Amino acid sequence: MKILVTGATGNLGSAVVEALKSENITLKAGARNPEKLSPGTETVRFDFNDAETFAPALDGVDAVFLQAPPMDPNSPALLKPFIALAAERGIKHIVFNSALGADANEKSPLRIIERTLMDSGVPYTITRPNFFMENFSAGFIAPMIAQASAFFLAADDAKTSFISVEDIAAVVAAAFAEGLTGKAFNLTGPRALNRTEAAALISEAAGKTITYNAIPEDAMLQGARDNGMPEGHVQFLAALYQAVRNGWTEPTTPDVEQVLGRPPVSFEEFALKNSNAWK
Ligand SMILES: NC(=O)c1ccc[n+]([C@@H]2O[C@H](COP(=O)([O-])OP(=O)(O)OC[C@H]3O[C@@H](n4cnc5c(N)ncnc54)[C@H](OP(=O)(O)O)[C@@H]3O)[C@@H](O)[C@H]2O)c1
């Protein structure tokens, strides 16, 4: 079995590449700029905005790990022709990474993609993870911490059961290896914590004080616009943090442990392992 990994340069995509390698599963890493990928892996140029990259990416591939460009409200239209081509070419399994709670709103872009995949005829698995722990160490929060030893979010003191991409990637690898098709997994970390508690654990691991500042929604969205984020993405971001403030990202689920036979990584373990990111 050879698996095409889309978004292989990203936080989750790179963890999936590592998880598949550790299971000795052959893969082809797809990226808009394949030169960003580390050597030793077959790579291919892949861009959802360039349909000409789809067929070469699927050549010689049996299965696909599919991710949507983050926070893109246009992602259903981008992924639909790719899923159709995968079906036409007899791809045997697609694991699509959605997001926790996407299935609560039939109009949400990730839910529309889930539906497109479920209707495609391709055997599928859906992973729906909560917010990633790695947003703090390598994602969009990391530059704030590097610049200000602080991070600013419109999350009030809401709790979130953050999950490590390592656990999501391990579930993805198990889905391929064990053929866990026709299933959706809602993936969370082992406990919910608010962002003040997250900042304290990061501070302890980093050996310096890093603080969380709750800011109004308008300020967060204007900051995103000032950083060049397109308005559609800004509205997506608004919906994500409204869900956080509503408490919808607080529950924990047993799915990681049920698939992997071990509990998910704790925030403490994540912070210690990634402490160099904040030094
Ligand atoms: N971060 C979270 O807390 C979270 C929570 C739940 C679900 N998710 C979902 O999980 C997925 C991965 O998130 P992440 O945090 O790992 O994102 P990330 O680190 O920003 O990685 C995104 C990846 O998508 C690629 N990409 C962007 N636009 C593309 C396009 N037009 N065609 C092909 N590839 C494209 C990027 O490639 P380049 O290197 O070329 O930019 C990158 O490899 C996203 O779909 C996100 O919505 C994220």
Side-chain angles (χ1 to χ4, degrees), residues 4-19 28-38 41 43-54 56-58 64-83 95-104 108-114 117 126-143 151 153 155 160-169 171-172 184-189 195 198 227 229-230 232-233 236-237 239-241 243-244 248-249 253 267 270 277:
L4 171 68
V5 176
T6 64
T9 54
N11 275 332
L12 178 57
S14 54
V16 168
V17 166
E18 290 312 311
K28 196 197 257 196
R32 289 186 292 186
N33 301 293
E35 64 281 1
K36 281 200 224 162
L37 295 162
S38 51
T41 305
T43 62
V44 66
R45 196 173 86 77
F46 181 78
D47 186 342
F48 285 113
N49 283 301
D50 181 358
E52 289 192 0
T53 64
F54 295 177
L58 287 170
V64 176
F65 173 62
L66 182 63
Q67 308 183 75
M71 297 198 294
D72 186 346
N74 193 38
S75 55
L78 291 178
L79 270 64
K80 194 174 178 186
F82 176 73
I83 292 170
V95 177
F96 171 58
N97 185 70
S98 180
L100 194 73
D103 53 329
S108 78
L110 293 172
R111 180 61 171 170
I112 295 170
I113 298 167
E114 290 184 10
L117 178 58
I126 294 166
T127 51
R128 292 193 198 107
N130 208 342
F131 281 76
F132 300 172
M133 293 176 183
E134 284 75 7
N135 292 340
F136 293 96
S137 58
F140 73 103
I141 301 172
F151 54 94
L153 297 167
T160 297
S161 55
F162 298 101
I163 181 166
S164 171
V165 292
E166 288 188 17
D167 287 330
I168 308 166
V171 170
V172 169
F185 298 108
N186 298 312
L187 304 175
T188 72
R195 283 148 185 82
N227 281 330
M229 189 183 276
H233 291 57
F236 201 116
L237 179 69
L240 287 178
Y241 276 86
V244 170
W248 297 344
T249 64
T253 66
F267 203 94
F270 153 76

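In listed order, ligands and their atoms are each counted from 1. What you see is a predicted model, and the numbers here were worked out from it, not measured in a lab.
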A.B. asks: Can you name the closest pair of heavy atoms from Pro109 and Phe236 and give their distance?
C.D. replies: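 Shortest heavy-atom contact: CG-CE1, 3.7 Å.
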A.B. asks: Is there a donor-acceptor contact under 3.5 Å linking the side chains of Asp47 and Thr53?
C.D. replies: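 There is no such pair (donor and acceptor under 3.5 Å, judged by atom type) between the side chains of Asp47 and Thr53.
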A.B. asks: Check each of Arg128, Gln67, Glu114, Arg111 against Ser98 using the side-chain hydrogen bond (donor to acceptor under 3.5 Å, both in side chains) test, and report the only one that passes.
C.D. replies: Glu114
A.B. asks: Can you sort out the partners of Phe54 under ring pair (Phe, Tyr, Trp, His ring centres under 6.0 Å), two or more places apart, ordered by chain and number?
C.D. replies: Phe46, Phe82
A.B. asks: Can you tell if the side chain of Arg45 reaches within under 4.5 Å of the side chain of Glu52, non-hydrogen atoms only?
C.D. replies: no
A.B. asks: Dump the intermediate steps for ring pair (Phe, Tyr, Trp, His ring centres under 6.0 Å) on Phe136 and Phe162, then the final yes or no.
C.D. replies: CA-CA 10 Å; Phe136 293 96; Phe162 298 101; 5.3 Å; yes
A.B. asks: List the protein residues in contact with ligand 1, where contact means a heavy-atom separation under 4.0 angstrom.
C.D. replies: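 For ligand 1, the contacting residues are Gly7, Thr9, Gly10, Asn11, Leu12, Arg32, Lys36, Phe46, Asp47, Phe48, Asn49, Gln67, Ala68, Pro69, Pro70, Asn97, Ser98, Ala99, Pro129, Asn130, Phe131, Phe132, Asn135.
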